[in-house]
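In what follows, chains are A, B, ... by sequence order, proteins preceding strands, each numbered from 1.
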Protein chains: 2
Amino acid sequence: MSGSTRSPTLADVAEAAGVSLSTASLSFSGNKPVSEATRARVLAAAARLGYAGPNPLARNLRQGRSGVVGIAVGPLSTAFRDPAALPMLDAVSEVLGAAGLGLLLMGDDHARLPLDAVIYDICGRETWAAYDDLAAREVPLVVVEGPDWPGTTFVDIDHRAGCAALAAHLHELGHRRVALLTLEPSHPQREREAGVRDVFPDAHVIGACASDLAAAQDLVAAYLATGPDVTAVVCQSDVQAAAVVIEARRLGLAVPDDLSVAGFDGVATPWLDVELTTVVQPLAAKGRAVADAVLRRIDGEDVDDVVLPVELRIGDSTGPAVEPA
Amino acid sequence: MSGSTRSPTLADVAEAAGVSLSTASLSFSGNKPVSEATRARVLAAAARLGYAGPNPLARNLRQGRSGVVGIAVGPLSTAFRDPAALPMLDAVSEVLGAAGLGLLLMGDDHARLPLDAVIYDICGRETWAAYDDLAAREVPLVVVEGPDWPGTTFVDIDHRAGCAALAAHLHELGHRRVALLTLEPSHPQREREAGVRDVFPDAHVIGACASDLAAAQDLVAAYLATGPDVTAVVCQSDVQAAAVVIEARRLGLAVPDDLSVAGFDGVATPWLDVELTTVVQPLAAKGRAVADAVLRRIDGEDVDDVVLPVELRIGDSTGPAVEPA
DNA sequence: CGTTTCGATCGAATCGATTCGATGCTAACG
DNA sequence: CGTTAGCATCGAATCGATTCGATCGAAACG
């Protein structure tokens with residue numbers, strides 16, 4: 001049978017089918033019309049030779065595109081532990097997948113891979129070793145929730161307005177002394193804190209941590225143990241808020257009767273038997289906005305920054321303020 | 001300044017530096033010695049022209065490798081919601097990243113992307129549209145926990161022994177009537193169930209669902225509402241076990257006093273105030289084994305299948321069997 | 001019947017590097 | 001001083017397709 005020395009190329013197929021290389025190529029790509037008979041002959045020859053279709057590496061070189069979009073999310077277990085990350089990533093993946101593009105998880109290196117565009121989604125990290133290289137290569141860069149590097153398309157949500165609305169809700173309920181559990185310093189963190197301070201300028205900061213339940217629990221347990229003089233805790237994620245609920249209960253504080261707790265994100269927390277009051281961000285829409293921006297930047301368009309609105313959702317974790325006995 | 005018509009190529013750099021194309025290439029890749037002076041001249045020329053380094057697409061074609069490994073995990077939000085997926089993925093990503101390889105999330109298509117190898121990690125799905133295409137392209141395939149397709153390297157854990165050990169533990173505690181919450185039919189599911197049945201041949205199957213808390217809660221709530229005659233529930237994941245604990249409590253059943261609950265995986269559940277008795281699988285080691293297999297298959301080696309041992313961890317969620325009052 | 005048009009096919013250039021084998025030069029050695 | 005290594009450099013082939021412009025034939029038209 002056929003020697004297993006080398007896998008067949010399009011040229012082999014063309015020869016076997018008795019057509020030119022260009023016709024064979026056209027038969028596969030369909031970029032120009034080919035008569036049905038010829039096309040059938042080419043495909044038959046391909047099948048006979050065990051040809052699995054045009055080599056993607058060659059096509060990529062010729063077309064100058066790799067079909068791959070990088071996404072930087074930081075260490076995977078950290079990034080995806082945050083339940084807010086997934087619905088967005090799903091939407092990104094769906095839109096890009098429909099466009100035939102693959103999504104590549106980027107570490108800090110990967111400068112040697114051919115990427116058609118890059119999505120930066122590590123809020124909390126404001127410098128990036130790979131940035132200069134990508135800029136030099138003129139790889140389109142879409143940044144989620146900052147930082148707003150030059151040459152970058154920026155997709156964000158209205159952190160400040162959302163937090164301000166949340167704070168206003170607490171104020172209406174009579175709360176005057178609130179504590180704040182924040183994220184590590186970053187664009188979203190600053191905006192969200194500013195939103196809360198629009199209503200409660202003196203809010204006390206408990207501390208900062210990632211959207212990690214265990215880390216938040218540690219921080220909150222220490223704080224609550226001091227018997228702080230507040231009636232509400234505002235968090236910068238639902239996971240943090242869940243930590244507050246869990247630790248408050250552990251100390252015998254009822255939520256919301258003794259303490260109101262608010263989150264951010266609007267993700268599902270089925271393991272918590274309280275529905276959190278929170279700021280719901282449109283995660284899927286954000287993902288689609290990111291993916292759209294990527295597609296348009298790949299097409300060479302200029303794309304404006306995007307800021308998506310958020311929505312206050314009032315749950316069972318906030319209630320009227322009560323003065324400590 | 002320089003016309004923005006076309007970005008410079010290695011040939012431009014070579015000419016500007018007054019060396020041959022091959023020498024310029026060698027200056028970047030270091031694949032053969034180049035005198036320090038020449039190298040410096042080439043790099044200087046590159047900097048002057050704004051050359052960002054060799055075009056990865058061209059290198060890929062020449063070398064016949066893309067530097068990208070695909071990983072099929074199913075819908076992202078489903079796959080990564082499972083806490084057992086992340087530590088493994090982290091290990092994979094770390095090892096491959098160190099080898100300069102990128103990790104690409106695969107949907108069902110992506111047949112048109114150049115992949116050096118593919119990892120299949122969707123336990124619960126036993127057919128895959130992309131398989132034939134990958135096989136035709138002779139792309140090395142590493143499969144995690146089945147199915148054991150031909151030409152595939154198979155990395156697994158010893159589900160059956162783990163579950164049997166767990167069941168034996170319950171048997172020792174006096175349990176005789178146990179219920180089983182399973183995953184959707186799949187290789188791991190069958191093995192794990194077999195392990196339990198090695199000890200409890202008559203175990204009653206509550207039902208099957210993914211490692212999804214909400215889904216498991218629904219299933220379990222309905223089951224417990226029937227007042228079943230069992231003293232223990234064995235689950236096929238810790239998330240499922242957590243659902244059982246939560247729902248049992250909701251019905252006023254104490255864990256483990258009224259009901260023993262066991263899981264599988266050994267992942268952290270900080271939002272649960274019980275430490276689950278579970279079968280701990282070596283997630284990071286599994287990830288490293290997968291990545292090693294990938295690297296070796298890319299190098300053309302034959303790689304044997306791998307089965308990793310698991311370990312029983314006894315927590316607070318199992319205790320002596322008590323007969324219902 | 002001559003001319004135009006249109007679709008199918010082909011030839012050749014091109015994408016941008018890597019790499020093999022050959023060549024030239026210098027230094028070491030007998 | 002003649003020869004032999006050995007290192008740096010170079011020229012040319014190669015990876016495997018896509019795509020532009022040209023060509024060829026047949027159908028449509030006047």
Side-chain angles (χ1 to χ4, degrees), chain A residues 5-43 45-46 49-67 100 111-116 136-138, chain B residues 5-43 45-46 49-67 100 111-116 136-138:
Chain A
T5 48
R6 192 176 56 86
S7 43
T9 71
L10 189 55
D12 299 328
V13 173
E15 189 183 349
V19 301
S20 74
L21 181 54
S22 30
T23 300
S25 174
L26 264 13
S27 304
F28 281 98
S29 69
N31 288 355
K32 269 191 180 183
V34 170
S35 79
E36 199 43 57
T38 307
R39 181 192 167 83
R41 208 144 35 88
V42 171
L43 296 183
L49 295 177
Y51 178 73
N55 181 327
L57 293 169
R59 183 207 347 253
N60 286 351
L61 171 60
R62 184 63 239 247
Q63 299 187 330
R65 316 182 313 100
S66 67
R112 304 170 61 84
L113 295 177
L115 300 174
D116 290 346
R137 291 197 135 73
E138 301 184 359
Chain B
T5 49
R6 193 177 55 87
S7 44
T9 71
L10 189 55
D12 300 327
V13 173
E15 188 182 350
V19 301
S20 74
L21 181 56
S22 31
T23 300
S25 175
L26 263 13
S27 304
F28 281 98
S29 69
N31 287 356
K32 270 191 178 183
V34 170
S35 79
E36 199 43 57
T38 307
R39 181 192 167 82
R41 207 145 36 88
V42 170
L43 295 183
L49 295 178
Y51 179 72
N55 181 327
L57 293 169
R59 181 201 357 248
N60 286 351
L61 171 60
R62 184 62 239 248
Q63 298 186 332
R65 315 182 315 99
S66 67
R112 304 169 63 84
L113 295 177
L115 300 174
D116 290 346
R137 291 198 134 73
E138 300 184 359

- Query: Between B/Leu10 and B/Leu21, is a side-chain contact (heavy atoms from CB on, under 4.5 Å) present by the stated rule, with each step listed?
  - Reply: CA-CA 7 Å; B/Leu10 189 55; B/Leu21 181 56; 3.9 Å; yes
- Worked verdict on A/Asn60 versus B/Asn60 for side-chain contact (heavy atoms from CB on, under 4.5 Å): CA-CA 9 Å; A/Asn60 286 351; B/Asn60 286 351; over 6 Å; no
- Query: Is there a side-chain contact (heavy atoms from CB on, under 4.5 Å) between A/Val42 and A/Arg39 once you walk through the steps?
  - Reply: CA-CA 5 Å; A/Val42 171; A/Arg39 181 192 167 83; 5.8 Å; no
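Here CZ of B/Arg59 is found 9.0 Å from OG of B/Ser25. Values are rounded to the nearest 0.5 Å. Here the CG atom belonging to A/Leu26 is positioned 8.5 Å from the OG atom belonging to A/Ser20, to the nearest 0.5 angstrom. With rounding to the nearest 0.5 angstrom, the CG atom of A/Leu61 is 12.0 Å from the OG atom of A/Ser66.
Nucleic acid contact for A/Thr9: sugar-phosphate only, since backbone atoms but no base atoms lie under 4.0 Å from a heavy atom of the residue. Residue A/Ser25 is in base contact, counting any heavy-atom pair closer than 4.0 Å across all strands shown. Contacts of A/Asn31 with the nucleic acid, taken as non-hydrogen atoms under 4.0 Å apart, involve only primed sugar atoms and P, OP1 or OP2. If you check every strand for non-hydrogen atoms under 4.0 Å, B/Leu57 touches nothing. Using a 4.0 Å heavy-atom criterion, one finds that A/Thr38 contacts the sugar-phosphate atoms exclusively.
No side-chain heavy atom of B/Pro54 sits less than 4.5 Å from a side-chain heavy atom of B/Arg62.
Protein chain A contacts DNA chain C from C/dA8 to C/dG16, reading 5' to 3' and using non-hydrogen atoms of the protein with a distance under 4.0 Å.
Comparing B/Tyr51 and B/Lys32 by the nucleotide of DNA chain C whose heavy atom lies nearest to each, the residue mapping closer to the 5' end is B/Tyr51. Place B/Arg41 and A/Leu21 on DNA chain D by their nearest nucleotides, and B/Arg41 ends up nearer the 5' end. Where A/Thr23 and B/Phe28 meet DNA chain C, the nucleotide closest to each residue was compared, and A/Thr23 sits on the side nearer the 5' end.
With B/Asp116 contributing its side chain and B/Gly67 its backbone, the two residues share a donor-acceptor pair below 3.5 Å.
Rounded to 10 degrees, the angle separating the terminal helix axes of the helix from C/dC1-D/dG30 to C/dG30-D/dC1, each built from five base pairs, is 40°.
Other residues, nucleotides and ligands contribute only 12 or fewer heavy atoms inside 6.0 Å of the CD atom of B/Glu138.
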